[in-house]
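Taking it in order: structure first as C-alpha cells, then the write-up.
Chain naming here is simple, since letters A, B, ... match the order of the sequence lines and numbering starts at 1 in each.
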2 protein chains.
Amino acid sequence: MSRRPLKRPGTGLDPGPLPGLIGYRLRLAQQTVFRDFAASVPGVSPGRIGMLLLVEANPGVTQSRLAQAVGRDRSTMVGVLDQLEAKRLVERRKGADRRTNGVWLTRAGRSLLARAKRAIADHEQRVAARLSAAERAKLLELLGRIGA
Amino acid sequence: MSRRPLKRPGTGLDPGPLPGLIGYRLRLAQQTVFRDFAASVPGVSPGRIGMLLLVEANPGVTQSRLAQAVGRDRSTMVGVLDQLEAKRLVERRKGADRRTNGVWLTRAGRSLLARAKRAIADHEQRVAARLSAAERAKLLELLGRIGA
DNA sequence: GCAAATTGTTTGAAGTCAAAACAATATGAG
DNA sequence: CTCATATTGTTTTGACTTCAAACAATTTGC
C-alpha cells in the first residue's frame with residue numbers, strides 16, 4: 001500500500017497501489033486463465049467442468065457434499081445439476097437414504113470429460129507457457145498456502 | 001491431468017485432478033482472499049474499492065478509459081458509477097470534450113479510501129501470513145507472468 | 001461541410017449466487 | 001416404538017455482475 005509502480009502501457013492509466021495487492025493480481029490472473037479455459041472447452045463453463053471432474057472422482061456423491069466441496073449453498077447446487085442433467089452429462093439417482101440424490105456421470109458426460117481433459121492439458125500448457133516447470137510447481141504451492 | 005492427490009480432509013471428497021490445475025488453485029485462492037477483503041472493508045466490494053483506487057490515481061479519468069482499464073464493457077461502467085455516485089463516493093463532471101464524463105473522488109470518497117487503505121494493509125498481511133517476504137514477491141511476479 | 005467514429009446511456013438478457021421456507025425422510029433419546 | 005429434531009433436496013425470491021445492441025450527442029477527419 002505504499003509505492004506507485006509505472007503506468008500500464010495498454011491503458012495509459014496509473015494503476016495506483018493495485019498491482020502490489022495479492023488479491024488484485026489473483027483476479028487478473030484468474031480472468032486470463034478462465035478466458036482461455038472457456039475458449040478451450042466451449043459450451044461448459046470452467047466451474048461446471050470442475051463439477052464434472054468432481055463427480056467423476058466421486059461417483060454417486062450426494063448434492064450436499066458436492067455443494068460443500070465447492071463452497072456453495074445446497075440450494076445453488078440444484079440449478080447447477082439441473083443444467084448438467086438437461087445436457088445429459090450427469091444423472092441423479094435416489095440413494096439408499098431416500099432423502100439424498102446420488103450424482104453420476106452419464107456416458108455422454110464421460111465422453112465429454114475425456115475430450116475436455118485433452119483440451120485442458122493444452123490449456124494448462126498455454127497458461128504456464130512463461131513458467132518453468134519449477135516455477136509452475138512453486139506457484140501451485142504458494143497458491144495452496146493462500147487458498148486454504 | 002494425470003496424478004490423483006490425497007482426499008481433502010474437510011469434505012472427505014476426492015478432488016480428482018483439480019488441484020493440479022493453475023486455474024483451480026487461482027479460484028480457491030481468490031475466493032479466500034476476497035472473502036477476507038470483503039470482511040475487512042464492509043459495504044464496498046473489492047472490485048469497487050479497486051475502482052476508487054483507480055480514480056484516486058487518475059483524477060478526472062473518463063468512464064471509457066476506466067472501463068478499458070478494468071477490462072469491462074463501457075455500458076457496465078454506467079451502473080457501477082451510478083452506485084458509487086449514489087453513495088457520494090465519486091462524482092461525474094462534464095469534460096472539455098462534452099461527450100465525456102470525468103470521474104473524481106468526493107471528499108467522502110477520499111475519506112473512505114483512507115480508512116480502507118489501513119484495513120487493506122492489515123488484510124494484505126493476513127493473506128500473506130504464511131509467506132515470507134521473498135515468497136510473497138515471488139508470488140506477485142509469477143501471477144504477473146500469468147495474468148497478462 | 002459532412003461522413004465516420006467516439007462517448008455515455010438505456011434496454012434486455014444471461015449467469016451466478018444466497019437466504020428463507022417447505023415437504024419428505026432419517027435419526028436418536030426416552 | 002414414538003416423537004421431537006435434524007438433514008436433504010427443492011422452490012421462490014432477490015441481489016449482483018456482466019455483455020450486446022441500439023441510440024442521441026458530440027467530435028474528428030477527409
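Following rounding to the nearest Å, B/Met77 (CE) and D/dT18 (C1') show an atom-to-atom distance of 11 Å. Separating the CE atom of A/Met51 from the C1' atom of C/dC17 is a distance of 14 Å, rounded to the nearest angstrom. Distance, A/Lys94 NZ to D/dG9 C1': 7 Å, rounded to whole Å. Rounded to whole Å, atom C1' of D/dT10 lies 12 Å from atom CG of A/Asp73. Rounding to whole angstrom units, CG of residue B/Leu84 and P of D/dC16 are separated by 13 Å. Atom pair B/Asn101:CG and C/dT9:C1' shows a separation of 10 Å (rounding to whole Å applied). As rounded to whole Å, 12 Å separates atom P of C/dC17 from atom CG of A/Leu81. Spacing between atom CD of B/Gln31 and atom P of C/dC17 amounts to 9 Å, rounded to whole angstrom units.
The phosphate of D/dC19 has OP1 or OP2 within less than 4.0 Å of a side-chain N or O from B/Thr76. Between B/Thr100 and the phosphate of C/dG8, there is no side-chain N or O to OP1/OP2 separation shorter than 4.0 Å. Between B/Arg98 and D/dT28, a side-chain N or O to OP1/OP2 separation shorter than 4.0 Å is absent.
Comparing atom distances between the A/Arg48 side chain and each of C/dT16, D/dT10, C/dT10 picks out C/dT16 as nearest. You'll find that the side chain of A/Ser45 is closest to C/dT16, out of C/dT10, C/dT16, D/dT10.
Residues B/Pro17 and A/Leu53 are in side-chain contact: their nearest non-hydrogen atoms beyond the backbone lie under 4.5 Å apart.
Within the nucleic acid shown, A/Gly71 comes within 4.0 Å of sugar-phosphate atoms alone, with no base atom in reach, counting heavy atoms only. Counting non-hydrogen atoms under 4.0 angstrom, A/Ala96 reaches the backbone sugars and phosphates but no base. Base engagement by B/Ser75 is indicated by at least one non-hydrogen atom pair under 4.0 Å involving a base atom.
No salt bridge links A/Glu141 with B/Arg25; every basic N to acidic carboxylate O contact stays at or beyond 4.0 Å. Contact check on A/Glu85 versus A/Lys87 returns no salt bridge, with no Lys/Arg side-chain nitrogen under 4.0 Å from an Asp/Glu carboxylate oxygen.
Put simply, the residue from A/Arg136, A/Lys117, A/Arg118 that forms a salt bridge (charged side-chain N to carboxylate O under 4.0 Å, His left out) with A/Glu124 is A/Arg136.
The nearest heavy atom of DNA chain C to B/Gln63 and to A/Gln83 marks one nucleotide each, and the one closer to the 5' end goes with B/Gln63. Between A/Arg74 and A/Arg35, the residue anchored closer to the 5' end of DNA chain D is A/Arg74, taking for each the nucleotide with the nearest heavy atom.
For B/Arg99 and C/dT6, a side-chain-to-base donor-acceptor distance below 3.5 Å is present, hydrogens and geometry of angles not being considered.
Side-chain N/O atoms of B/Arg48 and B/Gln83 include a donor and acceptor closer than 3.5 Å.
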